[in-house]
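Just so we're clear, the structure is a prediction, and the values are computed from it rather than from any experiment. Because only heavy atoms are used, hydrogens play no part in the values below, and waters and symmetry mates are left out as well, while side chains stay in. Along the sequence shown, residues are numbered consecutively beginning with 1.
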Amino acid sequence: QVQLVESGGGLVQAGASLRLSCAASGRTVSALIMGWFRQAPGKEREFVADISRTGYTTHYTDSVKGRFTISKDSGSDSANSTVYLQMNNLKPEDTAVYYCAGRLGFGTSRSEKEYLYWGQGTQVTVSS
């Protein structure tokens with residue numbers, strides 16, 4: 001089984017930065033494509049970014065391109081890794097609960113239905 005635990009959320013002012021972390025553990029962690037999603041109040045959950053198994057390929061939704069960076073640290077243990085979301089120049093519209101997710105398969109997918117594993121979410125609030 002895979003466990004995902006997010007951390008790093010908080011309350012910041014517009015223009016500030018935050019780094020979210022997702023600690024992933026489990027036998028199949030090294031086989032997962034990892035992604036970040038977010039859900040704002042009253043809205044559906046949306047794709048933010050994903051990163052390939054190797055960490056060499058990333059994709060972003062247009063609204064965060066140039067401001068957010070997804071990365072991963074696989075370390076020396078194939079059953080554990082950490083995925084990061086560095087968020088710079090935050091805007092009030094970035095306010096949401098941010099979720100880490102993992103899936104098997106290939107390529108990129110912005111559909112939450114394809115992600116098997118989910119964290120509990122971490123709140124990010126950006127004040128104007």
Side-chain angles (χ1 to χ4, degrees):
Q1 189 62 283
V2 171
Q3 288 190 323
L4 305 177
V5 179
E6 303 100 330
S7 61
L11 171 63
V12 297
Q13 290 188 330
S17 298
L18 278 175
R19 188 176 79 160
L20 305 183
S21 299
C22 172
S25 61
R27 286 193 305 141
T28 58
V29 161
S30 61
L32 297 179
I33 297 168
M34 300 299 295
W36 284 96
F37 286 74
R38 66 186 180 185
Q39 186 167 22
K43 295 187 177 181
E44 294 186 352
R45 190 154 54 184
E46 66 171 353
F47 171 86
V48 176
D50 68 4
I51 187 166
S52 64
R53 295 179 188 84
T54 62
Y56 292 149
T57 304
T58 58
H59 302 89
Y60 300 90
T61 192
D62 286 346
S63 63
V64 308
K65 284 180 181 177
R67 299 188 299 122
F68 290 13
T69 303
I70 187 172
S71 61
K72 67 184 297 184
D73 178 5
S74 297
S76 60
D77 181 357
S78 62
N80 292 278
S81 70
T82 303
V83 180
Y84 303 99
L85 186 68
Q86 177 67 43
M87 306 185 295
N88 298 328
N89 190 23
L90 282 161
K91 303 176 180 181
E93 51 263 43
D94 294 318
T95 295
V97 177
Y98 283 71
Y99 297 91
C100 175
R103 67 178 184 92
L104 300 170
F106 300 92
T108 185
S109 174
R110 303 184 178 216
S111 172
E112 62 176 300
K113 296 179 181 179
E114 296 201 20
Y115 284 79
L116 292 175
Y117 306 106
W118 291 87
Q120 81 288 352
T122 185
Q123 176 70 48
V124 172
T125 303
V126 184
S127 64
S128 58

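- The shortest distance between side-chain heavy atoms of Thr95 and Gln123 falls below 4.5 Å.
- The residue from Leu116, Val83, Leu104, Ile51 that alone fulfils the side-chain contact (heavy atoms from CB on, under 4.5 Å) condition with Leu32 is Leu104.
- Note that CD of Glu6 is 11.0 Å distant from CG of Leu85, once rounded to the nearest 0.5 Å.
- Smallest separation of non-hydrogen atoms from Ala101 and Tyr115: CB-CD2, 3.4 Å.
- Among residue pairs with one or both ends in residues 46-74, those qualifying as ring-ring contact (aromatic ring centres under 6.0 Å, His included) are Phe37-Phe47; sequence neighbours excluded.
- When each of Val124, Ile70, Val48 is checked for a side-chain contact (heavy atoms from CB on, under 4.5 Å) with Leu20, only Val124 meets the rule.
- With sequence neighbours excluded, the residues satisfying salt bridge (charged side-chain N to carboxylate O under 4.0 Å, His left out) with Arg45 are Glu112.
- A salt bridge is absent between Lys91 and Asp94; no separation between the charged side-chain nitrogens and carboxylate oxygens falls under 4.0 Å.
- Between the OG1 atom in Thr58 and the NZ atom in Lys72 there is a gap of 12.0 Å [rounded to 0.5 Å].
- Remark: side-chain polar atoms of Arg19 are not paired, donor with acceptor, to backbone N or O of Gln86 under 3.5 angstrom.
- The hydrophobic cluster containing Leu11, built from Ile/Leu/Val/Met/Phe/Trp/Tyr side-chain heavy atoms closer than 4.5 Å, comprises no other residue.
- Shown here is Gln3, whose CD atom has no more than 12 heavy atoms of other residues, nucleotides or ligands within 6.0 Å.
- There is no side-chain donor-acceptor pair under 3.5 Å between Asn80 and Ser25.
- For the residue pair Ser111 / Ser109, no side-chain donor-acceptor distance below 3.5 Å is found, with atom types taken as modelled.
- For Ala40, the side chain to side chain contact (heavy atoms under 4.5 Å, CB included) partners at least two apart in sequence or on another chain are Lys43, Ala96.
- No side-chain heavy atom of Cys100 sits under 4.5 Å from any side-chain heavy atom of Trp118.
- Nearest heavy-atom pair across Met34 and Cys22 is CE-SG, 4.3 Å.
- Residue Leu4 comes nearest to Ala24 through the heavy atom pair CD2-CB, 3.5 Å, listed as atom of the first residue, atom of the second, then distance.
- The cluster map of Ile, Leu, Val, Met, Phe, Trp and Tyr, joined by side-chain heavy atoms under 4.5 Å apart, puts Val12 and Met87 in the same cluster.
- Under the rule for a salt bridge (charged side-chain N to carboxylate O under 4.0 Å, His left out), the partners of Glu46 that lie at least two apart in sequence or sit in another chain are Arg38.
- Between Ala14 and Ser128, the closest heavy-atom pair is CB-CA, 4.4 Å.
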Step-by-step side-chain contact (heavy atoms from CB on, under 4.5 Å) determination, Gln13 to Val126: CA-CA 5 Å; Gln13 290 188 330; Val126 184; over 6 Å; no

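- For residues 90-112, there are no ring-ring contact (aromatic ring centres under 6.0 Å, His included) pairs, not counting sequence neighbours.
- At least one donor-acceptor pair closer than 3.5 Å links the side chain of Arg67 to the backbone N or O of Asn89.
- Within a 6.0 Å radius of CD in Glu44, no more than 12 heavy atoms belonging to other residues, nucleotides or ligands are found.
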